[in-house]
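Some notes on the structure that comes next.
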Amino acid sequence: MQNDAALRGERAAAPSYPMPRVSPVDPPPQLAALRAGRAASRVTLWDGSEVWLVTSHAGVRAVLGDRRFTAVTSAPGFPMLTRTSQLVRAAPHTASFIRMDDPDHSRLRSMLTRDFLARRAEDMRPVLRELLDDMLGGLVAAGEKPVDLVAGLTIPVPSRVIALLFGVGEDRRDFIEGRSAILIDRGYTPDQVAAARDELDGFLRELVESRVADPGTDLVSRLVTDQVRPGRLSVEELVPMCRLLLVAGHGTTTSQASLSLLSLATDPGLADALTKDESLLPKAVEELLRFHSIVQNGLARAAIEDVQLDDVTIKAGEGVVLSLSAGNRDERVFPAPDTLDPHRDARRHLAFGHGIHQCLGQWLAKVEIEEMLAAVLRRLPGVRLAVPFEELDFRHEVSSYGLGALPVTW
Ligand code: HEM
């Protein structure tokens, strides 16, 4: 039955996006309702603008794989997902290649591909095992319970890995962690975010200049030697590239590892399956990536030509938001999508995006998360929450959804 507004031919107001969660570990239920409808739905962002929201697995892949959609923030209609999205638009010279289209994007990305291959991530395993042994060994030896696995593990591990890649000393880790965290937190004002970005860029510029003067064996030195010196890459391009690696590789991995450890501490089926058979870990990590989909508000693009997406025409100059969490709960691809099943083959998940911008650091992230889970299973057998679930501090304001703390005992 049509309501009065529909009978008068009025368009219903597009619902606000992002929608609130009902359960902290599941995407907002409205997303499932939208997924059952048209290929894309109108939603209203915080600034009152209306954009398209795509919620199906097929739709998300179709848009992310289509060059008629741009990732350039200054393109007409580009969705401003947060107040701070405008910063990149206001200062396009600070944009890194995640906000570029090809050929600019692939020129810069290809300079990094060999450093982030699956086998290079594998090379990190022994280093990680030693690091994790030290960290968890220290926590166990201290004999104090409960311990917070966010402060004790999921923040320092990705941060040390990045510090190792960049050849940055331990003394600068707090600075890098702090500034990167501000860049992905909606709780800060655009001015605070701009200040954090400028401080980080100042630090990175100094780092690059020091490598120009005296190259070492780290990633930044390699880029200076192979790309900057022959004139293929400018220092002005290298600084945002380094910032992208720092920010993209940090909070995301921390969030995904924290939520994965939460699942381990609260889901006896998962803990049992992994304790019985550690070789299940890579599969379970893919499923945890699908299930938690920490890039909670999705990815933004704008159409540069009219595009027909099944029953919806997206016009040139219109913005589109791709909900990775909705796509990852699409029952047409993942039966019983709201169940975390470590035996499921979840490799088609969208947690790392799709298409030309698909996450460059995915192999590294997976190795880090596998090793963190393996170390906790070995060192903290029977790990469980030390506080009631309702008291956990879920980070709704951060673009990569996660936990402020994870107090556990064992
Ligand atoms: C669980 C952890 C991670 C998740 C869930 C994640 C997720 C994503 C997603 C969804 C994208 C696509 C963005 C878009 O299309 O607009 C992306 C891109 C990217 N990620 Fe990750 N990421 C993770 C870890 C990492 C790590 C560890 C690094 C590197 C140290 C990294 C570096 C990058 C880079 C450089 C891009 C841009 C790729 C491009 O534009 O070609 N990420 N990531």
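Numbering of ligands and ligand atoms starts at 1, following listing order.
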Does the ring centre of H292 sit less than 6.0 Å away from the ring centre of Y401? no

For the residue pair Q256 / T252, report whether a side-chain donor-acceptor contact shorter than 3.5 Å exists. no

Close approach, L246 and ligand 1, non-hydrogen under 4.0 angstrom: no

Throw together a table of side-chain donor-acceptor distances under 3.5 angstrom for residues 150-167, partners on residues two or more places apart or in other chains.
unit_1	atom_1	unit_2	atom_2	d
T154	OG1	S258	OG	2.9
S159	OG	R173	NH1	2.9
S159	OG	E177	OE2	2.7

The protein N, O or S atoms lying under 2.8 Å from atom 21 (Fe) of ligand 1 are C359 SG

Is it true that H105 lies under 4.0 Å from ligand 1, counting heavy atoms only? yes

At under 4.0 Å between heavy atoms, which part of L64 makes contact with ligand 1: side chain, backbone, both or neither? neither

Results of ring pair (Phe, Tyr, Trp, His ring centres under 6.0 Å) for F203 - residues two or more places apart only: F175

Has H354 got any heavy atom lying under 4.0 angstrom from an atom of ligand 1? no

Please name all residues satisfying salt bridge (charged side-chain N to carboxylate O under 4.0 Å, His left out) with E130, sequence neighbours left out, ordered by chain then number. none

Quick one: does ligand 1 sit under 4.0 Å from the side chain of H357, the backbone, both or neither, non-hydrogen atoms only? both

Within-shell test, A351 vs ligand 1, heavy atom, strictly < 4.0 Å: yes

